[in-house]
Amino acid sequence: MNWQAWDNYFPPLVLFTSLGTGVIIFLLGAERHRLRISLNMIGAVLKLGLVGVMLWGVFHEHTYEFRVLLLPGLYLVLWADAFAMFFTSLSAVLWLLTTVYAVGYLEDAPNNSRFFGFFSLCVTATMGVAMAGNLFTFFIFYELLTLSTYPLVVHRGTPQSIRAGATYLKYTLFGSVLLLLGIVWLYTLAGRQDFTVGGGSELEFLADTHAWQLRVIFLLLIAGLGVKAALFPLHGWLPQAMVAPAPVSALLHAVAVVKAGAFGIVRVVYDVYGVVFAHALGVTTILAVLAAITIVYGSLRALNQDDLKRRLAYSTVSQVSYIALGVALAGPLSTIGGIVHLVNQGVMKITLFFCAGNLAETLGIHKISEMNGVGRRMPWTMGAFTLAAFGMIGVPPMAGFISKWYLGLGGLEANQPWVLAVLLASTLLNAAYFLPILQRVWFQPTPATWPAEHHTGRWETSLSLLMPPVITAALALIIGLLAGAPFSPLEWVKLIAEREYR
């Protein structure tokens, strides 16, 4: 039996576990609550199992590539290299936990079939983005991600959510136009589509005659991706999208939309242009400056937000740009710091949004000014929040410290000491907008009543809401403590960096 042929079907099978689930859920009636939950959980577990098999295979140099000719010269390509599996593994793990959380959060809410149907399509699109083997395939799933997340943003159907959804579409579709223009221009100039380790050497042969075009194309691609990655000044949709339910906010920030943009930026720099060639063109400097501005700007805006989810949203604007900064510095150590932050930020930020959702769902708390003494009412939730906040600040041994350490070393390696100043400013600002929250939570007196308390029985909230943030907070600590262990995110990223700079 030819097992290699079966290997090539693993990528579409990973997509089908959520695509098939979503299609079935759309067809279910509202009363099929138990079946809907079962389908969601079975699909999430199957996806995690398939991704685990592929992760093991990629580590042992198995090849997974599914290729279909759609148009002359244009292939739909799904593949699994080390970087694809890094993002896919993060998505599979966090989606399982988000599924558990969403089931508890939306247990009595209307339109659950619609929500979980689009939820599954969002999973499918994100996995397609992760496993895309060329720019054409990436663009298809990147746009499917926009279309599948819009109904989640407007799920509540309130005027505020409808306005937020319209803003989201305006920004993301504008970014899509720029991205498509860059892809088509690059294809007509160089016939360049496939992602390859080290980038396309054929672009270097065009540098003498088409250098300005290659620079403009690069900027178009980065601008198109920068909308979802929330690079300044393309970030305006993200704080407004916080009107969505907490599971959607967690998806937008930790797994799907902003990570798809950041993931695409890494692909363009390393696997389309090649980091050495991009640096020689001078375009990485522009990206580094833009990322640095976004890091500081996002933190400054977070300082003045009383709404908890909006403060976390501006924190995401800042933190996701660590990934772009690490890539733009064009060195092995900065690459490690930037790419490992894809996982580190995801685990920490999803914890924070889970906790924000618990506060809103259990006590009716939405504002930081309402959080006095809540740590005594919800100690497990706020303990998880505290660990994740320390991680965002960069307190060792949390996962966030690992990212900042390697980014700092990468700045010195690239002879760019200003990076240390940016990281220091960011860390101080992180502390300035997280520590006052923790002071309120643990050291202020508890009020006589909460804004809208729902009694939950034995536990501080339902277990389906409590366990996901506890687990992800523990992961944020374990990832930092065991950073040097085999199969840790850091060690896997070192493998990715080694292949890029080989």
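- Using bins of under 30°, 30° to 60° and over 60° for the plane-to-plane angle, the ring pair Phe83/Phe86 lands in the parallel bin.
- With contacts defined as side-chain heavy-atom distances shorter than 4.5 Å, the pair Leu352/Leu308 does not qualify.
- Closest approach of Val347 and Thr472 over heavy atoms only: CG1-O, 3.1 Å.
- With rounding to the nearest 0.5 angstrom, the CG atom of Leu135 is 5.0 Å from the CD1 atom of Ile183.
- Minimum interatomic distance between Asn134 and Tyr75 (heavy atoms only, all atoms of both residues): ND2-O, 2.9 Å.
- In this structure, the side chains of Val317 and Phe232 stay at 4.5 Å or more apart for every pair of heavy atoms.
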- Message: For Asp194 and Phe136: C-alpha separation, side-chain torsions, deciding distance, then whether side chain to side chain contact (heavy atoms under 4.5 Å, CB included) applies.
- Response: CA-CA 8 Å; Asp194 285 351; Phe136 176 67; over 6 Å; no
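- To the nearest 0.5 Å, atoms CG (Leu145) and SG (Cys122) are separated by 5.0 Å.
- Looking at Ile393 and Leu435, their side chains come closer than 4.5 Å, going by heavy atoms from C-beta outward.
- For CD of Glu491, the number of neighbouring non-hydrogen atoms (other residues, nucleotides, ligands) closer than 6.0 Å is greater than 12.
- The heavy-atom pair separating Met85 from Val58 by the smallest distance is CG-CG2, 3.6 Å.
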- Task: With side chain to side chain contact (heavy atoms under 4.5 Å, CB included) as the test, would you mind laying out the steps for Asp81 and Tyr64 before giving the verdict?
- Result: CA-CA 8 Å; Asp81 67 344; Tyr64 300 93; over 6 Å; no
- Would you check, one step at a time, whether the test side chain to side chain contact (heavy atoms under 4.5 Å, CB included) holds for Tyr406 with Thr335? CA-CA 8 Å; Tyr406 275 91; Thr335 297; over 6 Å; no
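- Taking CD of Gln345 as the start and OH of Tyr322 as the end, the distance is 10.5 Å to the nearest 0.5 Å.
- Ile339 contributes atom CD1, which lies 11.5 Å from atom OG of Ser403 (distance to the nearest 0.5 angstrom).
- Ring pair Phe59/Trp56 is tilted by interplanar angle, where 30° to 60° counts as tilted.
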- Could you walk me through whether Phe390 and Phe434 pass the side chain to side chain contact (heavy atoms under 4.5 Å, CB included) test, one step at a time? CA-CA 8 Å; Phe390 282 154; Phe434 274 122; over 6 Å; no
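- Put simply, CE on Met348 and CG on Leu387 are 11.5 Å apart, with the number rounded to the nearest 0.5 Å.
- Exactly one of Leu225, Val327, Val275 qualifies for a side chain to side chain contact (heavy atoms under 4.5 Å, CB included) with Val266. That residue is Val327.
- Minimum heavy-atom separation, His235 to Tyr314: CD2-CE2, 4.2 Å.
- When all heavy atoms are compared, the tightest approach of Leu221 to Gly182 is CD2-C, 3.7 Å.
- Of the inter-residue distances, the one linking Asp306 atom CG with Arg311 atom CZ reads 7.5 Å to the nearest 0.5 angstrom.
- Ring pair Phe487/Trp492 is parallel by interplanar angle, where below 30° counts as parallel and above 60° as perpendicular.
- Pairing each heavy atom of Pro11 with each of Leu78, the nearest pair is CB-CB, 3.7 Å.
- Stacking of Lys228 on the aromatic ring of Tyr142 is recorded, both the 6.0 Å distance cut-off and the 45° axial limit being met.
- The closest side-chain heavy-atom distance from Ile402 to Ile479 is not below 4.5 Å.
- Side-chain contact between Lys349 and Ser315 is present, with heavy atoms from C-beta onward closer than 4.5 Å.
- For the residue pair Ser299 / Ser318, a side-chain donor-acceptor distance below 3.5 Å is found, with atom types taken as modelled.
- Checking Thr124 against Ser18 by side-chain atom types alone, a donor-acceptor pair falls below 3.5 Å.
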